[in-house]
J.: 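Got a structure for you, written out below as structure tokens; questions coming shortly.
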Amino acid sequence: MRKKRIATVSLAGCFGCHMSLLDIDERLIDLMEIAEFDRSPLNDLKKFTRRCDIGLIEGGCANEENVHVLQEFRRNCDIIVAVGQCAIMGGLPVMRNAIMHSEDPLRECLEEAYTNPKVLNPENLIPNDPALPLILDRVYTCADVVKVDYQIPGCPPSADVFWAALNALIRGETPQLDWAMIKFD
Amino acid sequence: MTSRKARIVEIEPVTRVEGHGKVTVHLDENNNVSEARLHIVEFRGFERFIQGRLLWEVPVIVQRLCGICPVSHHLAAAKAMDQIVGVDQLTPTAEKMRRLMHYGQIMQSNVLHFFHLSSPDLLFGFDAKAGKRNIFEVIKQFPELARQGVMMRKFGQEVIQYTAGKKVHGTGAIPGGINKNLSLAERDSLLKNVDQMIEWSQGAVEIARNYTLNHPQLVNEFANFRSSHMSLVREDGAMDLYHGNLRAIDADGALIFDQVDYQHFDDYLMEEVRPWSYMKFPFIKSRGHLDGWYRVGPLARLNTVSFIDTPLAQKAFEEFRAFGQGKPVGASLAYHWARMIEVLHCVEKIRQLLHDPDLQGEDLCLRGERREEGIAVIEAPRGSLFHHYKVNEHDQVTYCNLIVSTTHNNSAMNRAVTEVAQKYLSGQNKITEGMLNHIEVAVRAYDPCLSCATHAL
Ligand code: SF4
């Protein structure tokens with residue numbers, strides 16, 4: 001049987017979901033027997049080299065780049081899994097959507113960071129170079145942007161959850177997680 | 001040589017680093033590199049949207065800035081909130097539990113960086129095939145080494161789990177103290193493995209040292225430059241990763257400032273905004289915004305501290321300093337060696353702490369007279385991390401300013417990518433993937449946490 005191909009990406013997330021995946025520790029070595037990684041920040045494949053079976057998405061979408069990458073994952077992966085609170089519900093970055101009494105939360109966030117009196121910024125610049133992707137008006141979840149096949153909750157999902165879910169998906173089954181494994185923090 | 005129009009080559013995304021960044025290399029008509037830039041491409045708005053949240057929530061929320069070094073943010077926020085709840089000195093149990101958590105954190109983060117992310121460059125070469133440069137290939141070709149890396153990280157993560165309750169994003173530290181002590185079962189399970197960890201850490205120091213010493217030309221020519229350095233040090237000048245005062249030295253090792261109480265950091269440091277990156281550019285005020293940049297993190301710490309208070313790491317430290325021949329070490333690639341010496345130091349500290357009965361103490365948390373403002377600095381794996389908050393009488397945050405470790409290294413990383421791009425790309429007709437990886441190797445040496453840099457903004 002050919003090894004299943006997994007791709008991973010971190011969009012608007014903290015990388016903690018990737019860390020938790022690495023927390024499978026020595027089981028990583030077993031995983032290599034049945035799967036291989038294509039595009040992922042853990043290796044140097046910056047583009048898809050082939051069609052993948054499983055795409056793990058950490059984080060939601062906070063800028064246009066995130067949207068493009070997520071769409072690319074959808075096009076190149078048979079199964080898309082939204083991993084962790086950020087991908088599923090927006091997580092910490094989504095807090096910027098909910099600033100109370102604000103007409104323009106994004107602007108307030110930018111001004112707080114860049115045009116406060118404590119920084120050296122004589123022209124009151126807000127970074128805007130063409131090299132920087134456009135920030136979205138609000139933070140979107142993965143399911144807002146593409147069709148998502150599975151969601152694995154947790155912030156991050158524990159290594160055991162990753163292990164159980166990946167094994168099921170690699171076998172072509174629907175992950176069945178014991179209720180005690182499903183945590184939302 | 002064919003000449004063409006001035007152009008920009010992109011490396012996007014930078015891989016085997018934590019978070020999202022990209023590099024642009026600016027080439028002129030003659031294919032010479034005029035500049036290379038590391039861009040932080042995302043923005044969160046944390047300093048604004050944390051306003052209005054309650055003080056006890058902050059240590060739990062703020063660590064979601066970063067999944068590699070959550071403990072650093074968790075502890076820095078808790079230290080700042082200690083001041084707000086009026087606690088200047090924690091109970092011995094609380095302080096030692098937090099230290100244990102912190103040493104576990106630095107150990108796992110440094111190990112992750114060295115083994116999981118950077119070792120492929122060092123083992124296979126900077127221009128090895130892209131498909132081979134990853135931990136999975138290391139597992140295939142160097143199974144024993146890879147296993148040690150995996151098991152060392154696991155140990156560090158277990159220390160975090162036993163002190164914070166969870167491997168990633170725990171809840172152990174609370175304003176004024178800690179919410180659990182170390183059970184005897186937890187202690188014993190760590191004690192079982194700690195001697196093995198010391199041995200493997202010594203092995204890791206040796207690998208990193210030998211790499212530095214056996215590649216003198218590479219280390220000397222690859223992003224090796226003069227700079228100032230800054231870190232916390234203890235009152236007697238010793239390395240102290242959890243608490244201390246600020247010390248900065250110049251490229252010759254002379255003091256710029258020393259034993260500065262970080263409550264006054266605003267008098268010494270400032271950040272500059274530049275339009276092409278969301279990450280700001282900090283500098284030492286007295287030196288001005290052009291010359292005031294400096295480095296932080298393992299290399300800087302080994303350059304600034306006077307000694308290390310654990311014997312094995314102290315020996316390694318002496319050898320490292322001898323390599324600098326009396327001057328601060330400037331080579332970016334020497335970060336790896338410094339990073340492994342810190343792993344050894346942390347494991348020695350963990351072993352000492354595990355034998356300390358205070359960890360089973362019952363006095364976990366204190367309260368004092370309420371204040372409005374809290375500032376904390378901690379030495380995170382990647383360097384000095386600053387948290388500054390103001391809280392109103394309803395317990396709500398009204399102000400937040402974070403300067404994360406990676407941000408301090410912003411100028412240094414940009415200098416490193418520019419130097420390496422000029423050396424390896426300038427004048428080349430064809431730019432290969434391997435050449436571009438040289439630039440990423442320079443970025444990786446700093447172990448940047450781009451997701452901290454992104455979120456903290
Ligand atoms: S879900 Fe939690 S661990 Fe995962 S990226 Fe978001 S904040 Fe980090």
Side-chain angles (χ1 to χ4, degrees), chain A residues 10-20 22-23 25-26 28-29 32 36-37 40-46 49 62-63 65-66 86 91-93 95-96 98-100 105-106 108-116 118-121 125-129 131-133 135 155-156 158-159 185, chain B residues 10 12-13 15-20 22 24 37 39 41-50 52 61 64-68 70 112 116 130-131 133-136 139-140 143 146-147 150-151 153-154 157 166-169 266 270-278 280 289 401 437 451 455 457:
Chain A
S10 171
L11 305 175
C14 79
F15 226 74
C17 287
H18 275 80
M19 287 303 103
S20 195
L22 290 180
D23 279 336
D25 298 324
E26 58 275 37
L28 206 54
I29 298 163
M32 300 314 299
E36 59 192 357
F37 282 85
S40 165
L42 301 174
N43 59 33
D44 280 355
L45 302 179
K46 296 174 199 291
T49 66
N63 67 27
E65 182 81 42
N66 297 150
C86 293
L92 175 124
M95 285 172 71
R96 97 156 131 91
I99 295 178
M100 283 205 284
L106 175 58
E108 279 194 29
C109 288
L110 288 163
E111 285 172 356
E112 183 76 28
Y114 298 109
T115 60
N116 70 66
K118 282 193 166 187
V119 299
L120 178 63
N121 189 1
L125 290 170
I126 287 186
N128 61 354
D129 193 83
L132 304 175
I135 307 179
C155 181
S158 71
D185 75 329
Chain B
E10 288 193 357
E12 228 265 285
T15 43
R16 286 187 285 128
V17 299
E18 195 257 15
H20 328 102
K22 84 171 170 193
T24 55
R37 290 172 170 176
H39 307 264
V41 294
E42 297 208 1
F43 172 82
R44 295 278 181 266
F46 184 86
E47 292 169 336
R48 174 62 187 86
F49 66 61
I50 195 67
I61 296 178
R64 262 96 185 166
L65 301 183
C66 174
I68 289 198
L112 171 94
H116 296 63
R133 296 190 313 249
N134 57 63
I135 177 70
F136 312 110
I139 291 176
K140 260 190 232 155
R147 196 178 68 88
V150 167
M151 299 312 281
R153 171 160 186 277
K154 181 180 182 183
Q157 289 288 78
K166 200 159 152 250
K167 285 184 173 172
V168 182
H169 302 330
D266 266 349
M270 195 171 192
E271 295 180 285
E272 184 187 356
V273 177
R274 295 187 195 162
W276 47 268
S277 181
Y278 286 120
K280 286 175 266 192
H289 68 114
N401 181 26
N437 188 48
S451 109
H455 279 74
L457 297 165

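All values reported here derive from a predicted model rather than from experimental measurement. Numbered from 1 within each chain, the chains take letters A, B, ... in sequence-line order.
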J.: What residue, out of A:Leu110, A:Thr115, A:Leu106, A:Thr49, has the most heavy-atom pairs lying under 4.5 Å from chain B?
T.: A:Leu110
J.: Taking all heavy atoms of A:Met19 and all of B:Gly67, pick out the closest pair and write down the distance.
T.: CG-O, 3.2 Å
J.: What part of B:Arg153 lies closer than 4.5 angstrom to a heavy atom of chain A: side chain, backbone, both or neither?
T.: side chain
J.: Classify the ring geometry between B:Trp276 and B:His39 as parallel (under 30°), tilted (30 to 60°) or perpendicular (over 60°).
T.: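 Answer is perpendicular, since the angle exceeds 60°.
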J.: On a heavy-atom basis, which atom in A:Gly13 and which in A:Cys86 lie closest, and how many Å separate them?
T.: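 That closest heavy-atom pairing would be CA-SG, 4.3 Å.
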J.: Which residue out of B:Asn134, B:Ile135, B:Asn401 racks up the most heavy-atom pairs below 4.5 Å with chain A?
T.: B:Asn134
J.: Can we say B:Arg147 and A:Glu26 salt-bridge, meaning some charged N sits less than 4.0 Å from an Asp/Glu carboxylate O?
T.: no
J.: Between A:Met32 and chain B, with a heavy-atom cut-off of 4.5 Å, which part of the residue counts as in contact: side chain, backbone, both or neither?
T.: side chain
J.: Indicate the ring-plane relationship of B:Phe46 and B:Phe49, choosing parallel, tilted or perpendicular according to the 30° and 60° boundaries.
T.: perpendicular
J.: For chain A, find which of B:Lys140, B:Lys166, B:Arg37, B:His116 contributes the most heavy-atom pairs closer than 4.5 angstrom.
T.: B:Lys166
J.: Please state whether the side chain, the backbone, both or neither of B:Glu12 comes within less than 4.5 Å of a heavy atom of chain A.
T.: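 Both the backbone and the side chain of B:Glu12 come within 4.5 Å of chain A.
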J.: Heavy-atom cut-off 4.5 Å, strictly under: side chain, backbone, both or neither for B:Ile61 against chain A?
T.: both
J.: Heavy-atom distance under 4.5 Å to chain B: side chain of A:Asn63, backbone, both or neither?
T.: side chain
J.: When B:Glu272 is tested against each of A:Leu120, A:Val119, A:Asn121 for side chain to side chain contact (heavy atoms under 4.5 Å, CB included), which residue passes?
T.: A:Leu120
J.: Quick check: closest heavy atoms across A:Ala113 and B:Lys280, and the distance to 0.1 Å?
T.: O-NZ, 2.5 Å
J.: Using non-hydrogen atoms only, which part of B:Pro13 is less than 4.5 Å away from chain A: side chain, backbone, both, or neither?
T.: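 For B:Pro13, heavy atoms of backbone and side chain both lie under 4.5 Å from chain A.
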J.: Heavy-atom pairs under 4.5 Å with chain B: which of A:Leu125, A:Asp23, A:Leu28 has the most?
T.: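 Looking at each of A:Leu125, A:Asp23, A:Leu28 in turn, A:Asp23 comes out on top.
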J.: Closest heavy-atom contact between B:Glu18 and A:Cys14?
T.: OE2-O, 3.3 Å
J.: Considering only heavy atoms and a distance below 4.5 Å, find which of B:Ile50, B:Thr24, B:Val150 pairs most often with chain A.
T.: B:Val150
J.: By a 4.5 Å heavy-atom criterion (distance strictly below it), what part of A:Glu65 contacts chain B: side chain, backbone, both, or neither?
T.: side chain
J.: So which part of A:Ala62 gets closer than 4.5 Å to some heavy atom of chain B, the side chain, the backbone, both or neither?
T.: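 Just its side chain gets close to chain B.
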J.: Report yes or no: does B:His20 contribute a side-chain atom to a donor-acceptor pair with the main-chain N or O of A:Ser10 at less than 3.5 Å?
T.: yes
